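This report refers to the structure that appears directly beneath it.
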Amino acid sequence: MSAIKVRFAPSPTGYMHIGNTRTAIFNWLLARKNGGHFMLRIDDTDKERSKPEYEKAIRESLEWLGLNWDSEAKQSKRFERYEEVTKKLIEDGRIYPCYETAEELDMMRKKLMTKGLPPIYDRSALKLSAEQIEIYEKEGRKPHYRFKLNDGDIVWQDMIRGECKYEAKNLSDPVIIRADGSYLYHLPSVIDDSDFGITHIVRGEDHVTNTAAQIQMFEAIGGKVPTFAHLPLLTGQEGKLSKRLGSIGVLDLKERGIEPMAISSYLAKLGTSEGILPFYDLQSLAMTLDFHKIGRAQPKFSEEELAHFSTHLVRNMPFAAIKDRVDLEEKFWETIKGNLDIVSDCQQWVDICCKEVKPVIENADLCKKAADLLPQEPWNDDTFAQWTSEIKAQTGTKGKELFHPLRLAITAKDAGPELKTLLPLIGYERVYKRLNGIVA
RNA sequence: GGUCCCAUCGUCUAAUGGUUAGGACAUCACCCUUUCACGGUGGUAAUAUGGGUUCGAAUCCCGUUGGGAUCACCA
C-alpha cells in the first residue's frame with residue numbers, strides 16, 4: 001500500500017476557526033500516525049473573497065497549533081492546468097455551457113420548492129438550439145458551465161459513515177465555471193487531489209453530496225478516487241458551527257491563553273468514544289487516532305468546556321512540555337502550575353517571588369508576631385511547619401484565621417500554591433518585610 | 001419539499017438480542033493540605049415516542065417526534 005497523503009484545503013476567505021481547525025487536525029493526525037504526507041492547499045479560486053491577510057492568519061494558526069505541512073499549493077496559480085482539463089471534459093461532453101442568469105436560476109429553484117419538488121437543475125441548457133445560443137450570445141450573455149452527472153448510483157466506502165450511496169438523479173449538475181470564467185471549488189479540487197496524489201480526504205459532513213459529484217469527476221478525468229472520511233459537524237449553542245458560520249477564531253483562543261494542545265486534544269477526542277484527556281504533544285495524540293471510534297452523531301462544542309479543559313491541561317503539564325516556552329526552574333513550575341488558569345499567569349508568581357509586592361495586611365498584630373518568629377535561613381522542609389506551630393502556640397490562632405492573613409501579607413493574594421513551598425522561593429528578607437506591611 | 005445522516009446520564013460516549021445499562025468530563029459529598037487552589041475517594045444522574053419481531057429489545061423492523069447536512073455562478 002502506498003503512503004498516505006492528505007491535504008488541508010482552506011479558502012482564505014476568513015480566519016481559521018474551530019470547524020476548520022478540527023478538519024486540519026484530523027488530516028494532520030492521519031498523516032503523522034502513518035508516516036504520511038500533509039499538504040497545505042490554499043483554495044483561493046474565489047477572487048472576490050480571498051484575502052492575503054486571511055491566508056497569512058491561516059498559516060499563523062496552523063503554525064501555532066503545531067500542524068506543520070510538508071508541501072503546499074495554491075489554486076490561483078494552477079488555472080492553466082484547470083483549463084487544460086476543462087477543455088478535454090467539454091470535448092467529452094461532461095461539461096456543458098448554460099445561459100441562465102443567477103436570478104433566473106433562483107426563480108426556478110423557488111418555483112420547484114413551492115411545488116414541493118426538489119430544486120434540481122433541469123438541464124434545459126442541454127436542449128438549447130444553436131439559434132437560441134446565438135441569440136443569448138448576441139444579448140451579451142456569457143455562459144457558465146456545469147458538470148454533467150451520469151445516471152446511476154454513486155457508492156463509496158466512507159471511513160466514518162460506512163457505505164454511502166447516492167442516486168445521481170437526486171443531485172444537480174454542479175456549476176464549475178462562473179460566467180466570468182472563474183472556477184468554482186468542485187473541479188479544481190478534484191484536479192489537484194488527483195495531480196498531487198491525495199490518498200485520503202477527511203472533511204466535514206457538509207461535503208457528502210459534493211463527494212458524490214466529485215467521485216464522478218475523478219472518474220471523468222481518469223484520476224484515482226481517494227478514500228473519504230466525513231466527520232460529523234460540530235454543533236454549538238447557536239445551532240450549527242460549520243466552517244462558514246464558525247464564530248470562534250483560533251487566534252482569538254490563542255489570545256485568551258487557551259493552550260494549542262488543549263485545542264488539539266479536545267477537538268481530536270470530542271465526539272469519539274475516548275475520554276477527552278490532555279495530550280502534550282501532537283505525535284502521541286496522532287498515535288491514538290482511530291476512525292472507528294468517531295461517532296456519527298453531531299457533538300456539541302462548548303467554548304467554556306474547552307477553556308476548562310485547557311486549564312486542566314495546564315495544571316497537569318509536565319515541565320518537559322513547557323520548558324522551552326518559559327524561563328523557569330522545574331521546581332518553580334511544579335510549585336505553581338496547580339494554581340494557573342493559563343500559562344502566562346505564571347509571570348505573576350515570578351513577580352511575587354522576585355519583585356516588589358505591596359502586602360495586604362488583614363491582621364497586623366498577627367503578622368508582626370509572625371515576622372518576629374520567622375526563623376533565619378537556611379530553611380528546610382520542616383521550617384514552615386515549625387514556624388506556624390510556634391505562631392499558633394504564641395497567639396492561639398489556627399486554621400484559616402492563621403493562614404489567610406499570612407498568605408495575604410506574603411503574596412497579596414488569597415489563593416495560591418502551598419505557602420510551605422512558596423516561602424523558600426521568596427526568601428527571608430521579603431517575607432519579613434511584607435509581614436511588617438512593608439513593600440518588598 | 002427531495003435526498004442523506006443522527007437520537008443512551010447535564011455533556012462526549014460504551015454495551016457480537018440476555019449487564020445491577022459501563023466509562024470519561026461536569027456536578028455534589030467526603031478525605032488530604034492546621035487556609036485557598038492542586039490532588040485522592042465515593043455518590044446523584046440516561047436508553048425521545050408508539051407499534052411490531054422475540055422466551056427476552058438500548059440493540060432488529062415500521063411509524064411518529066425532534067435535530068442536522070445538502071439541494072449556491074461559496075468552499
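Please read all numbers here as calculations on a predicted model, not as lab measurements.
By the side chain to side chain donor-acceptor pair (under 3.5 Å) test, A:E274 is found to be paired with A:K269, residues two or more places apart in sequence or in another chain being considered.
For B:A75, the base is stacked against the aromatic ring of A:H207, per a cut-off of 5.5 Å between centres and 30° between planes.
A straight line from OH of A:Y183 to P of B:C73 spans 17 Å, rounded to a whole angstrom. Rounded to whole Å, atom C1' of B:A75 lies 15 Å from atom CD1 of A:I176. One can place CZ of A:F309 at 10 Å from C1' of B:C25, the figure rounded to the nearest angstrom. For A:N170 and B:C5, the CG to C1' distance is 15 Å, given to the nearest whole Å. The NE2-C1' distance, from A:H230 to B:U70, rounds to 12 Å in whole Å. In this structure, A:E103 atom CD and B:A72 atom P are separated by 15 Å, rounded to whole Å. In this structure, the CD atom of A:E418 is 10 Å from the C1' atom of B:A37, given to the nearest Å. Put simply, CZ on A:R41 is 10 Å from C1' on B:A75, counting in whole angstrom units.
In summary, the aromatic rings of A:Y96 and A:H144 are positioned with their centroids too far apart to meet the 6.0 Å limit.
Among the nucleotides B:C4, B:C73, B:A75, the one closest to the side chain of A:R161 is B:C4. Nearest nucleotide to the A:V175 side chain, out of B:C5, B:A72, B:C36: B:A72. Candidate nucleotides B:A72, B:C36, B:A26 were compared by shortest atom distance to the side chain of A:H308, and B:A26 ranks first. When distances run from any side-chain atom of A:S11 to the nucleotides B:C4, B:A75, B:U35, the shortest one goes to B:A75. Residue A:H186 has its side chain nearest to B:A75 when only B:A75, B:G39, B:C4 are considered. The side chain of A:H312 lies closest to B:G39, out of B:C5, B:G39, B:C73.
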For this session: Summarise how protein sits on nucleotides 9-15 of chain B as a single string, 5' to 3': B when a protein heavy atom is under 4.0 Å from the base, S for sugar-phosphate-only contact, - for no contact.
Result: ---SSS-
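Pair assignment for B:U33 gives none, since no Watson-Crick or G-U wobble pairing has each distance under 3.5 Å. With a cut-off of 3.5 Å on both pairing distances, B:U8 has no Watson-Crick or G-U wobble partner at all. Using Watson-Crick or G-U wobble geometry with both donor-acceptor distances under 3.5 Å, B:G56 finds no partner in any strand shown. With a cut-off of 3.5 Å on both Watson-Crick or G-U wobble distances, the partner of B:A46 is given as none.
Between A:I120 and A:L171, the closest heavy-atom pair is CG2-O, 3.6 Å.
By the 30° and 60° cut-offs, the orientation of the rings of A:F26 relative to A:F291 is tilted. Between A:H312 and A:F309, the angle of the ring planes lies from 30° to 60°, which puts this pair in the tilted group. The aromatic rings of A:F8 and A:F38 sit parallel to each other, their planes meeting at less than 30°, with 60° as the upper class boundary.
Using a 4.0 Å cut-off between charged nitrogen and carboxylate oxygen, A:K142 and A:E137 do not count as a salt-bridge pair. Here A:K74 pairs with A:E55 in a salt bridge; the nearest charged N to carboxylate O distance falls below 4.0 Å. Contact check on A:R256 versus A:E303 returns a salt bridge, with a Lys/Arg side-chain nitrogen under 4.0 Å from an Asp/Glu carboxylate oxygen. Salt bridge annotation for A:E139-A:R141: present, with a cationic side-chain nitrogen under 4.0 angstrom from a carboxylate oxygen. For the pair A:R81 and A:E84, the salt-bridge criterion is met [side-chain N within less than 4.0 Å of a carboxylate O].
Within residues 106-125 of chain A, the residues having any heavy atom under 4.0 Å from RNA chain B are, by residue number, A:R109, A:M113, A:G116, A:P118, A:P119. Of the residues in residues 337-350 of chain A, those with a non-hydrogen atom less than 4.0 angstrom from any atom of RNA chain B are A:G338, A:N339.
Put simply, the side chain of A:D206 and the base of B:A75 share no donor and acceptor less than 3.5 Å apart. A donor N or O paired with an acceptor N or O is not found under 3.5 Å between the base of B:U3 and the side-chain atoms of A:T209.
Using C1' as the reference atom, B:G17 and B:U53 are 11 Å apart when rounded to the nearest Å. On the C1' atoms, B:U8 is 23 Å away from B:C4, given to the nearest whole Å.
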Output a table of donor-acceptor pairs, distance under 3.5 Å, between side-chain atoms of residues 162-169 of chain A and any protein atom two or more places apart or on a different chain; print 'none' if there are none.
from   : atom 1 : to     : atom 2 : distance (Å)
A:E163 : OE1    : A:Q157 : NE2    : 3.4
A:E167 : OE1    : A:K169 : NZ     : 3.1

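A:R407 comes within 4.0 angstrom of a base, heavy atoms only.
Nearer the 5' end of RNA chain B, as judged by each residue's closest nucleotide, is the contact made by A:E401, out of A:T13 and A:E401.
Atom CD1 of residue A:I276 and atom OH of residue A:Y266 lie 5.5 Å apart, to the nearest 0.5 angstrom.
Screening residues 358-371 of chain A for salt bridge (charged side-chain N to carboxylate O under 4.0 Å, His left out), with sequence neighbours left out, gives A:K368-A:D372.
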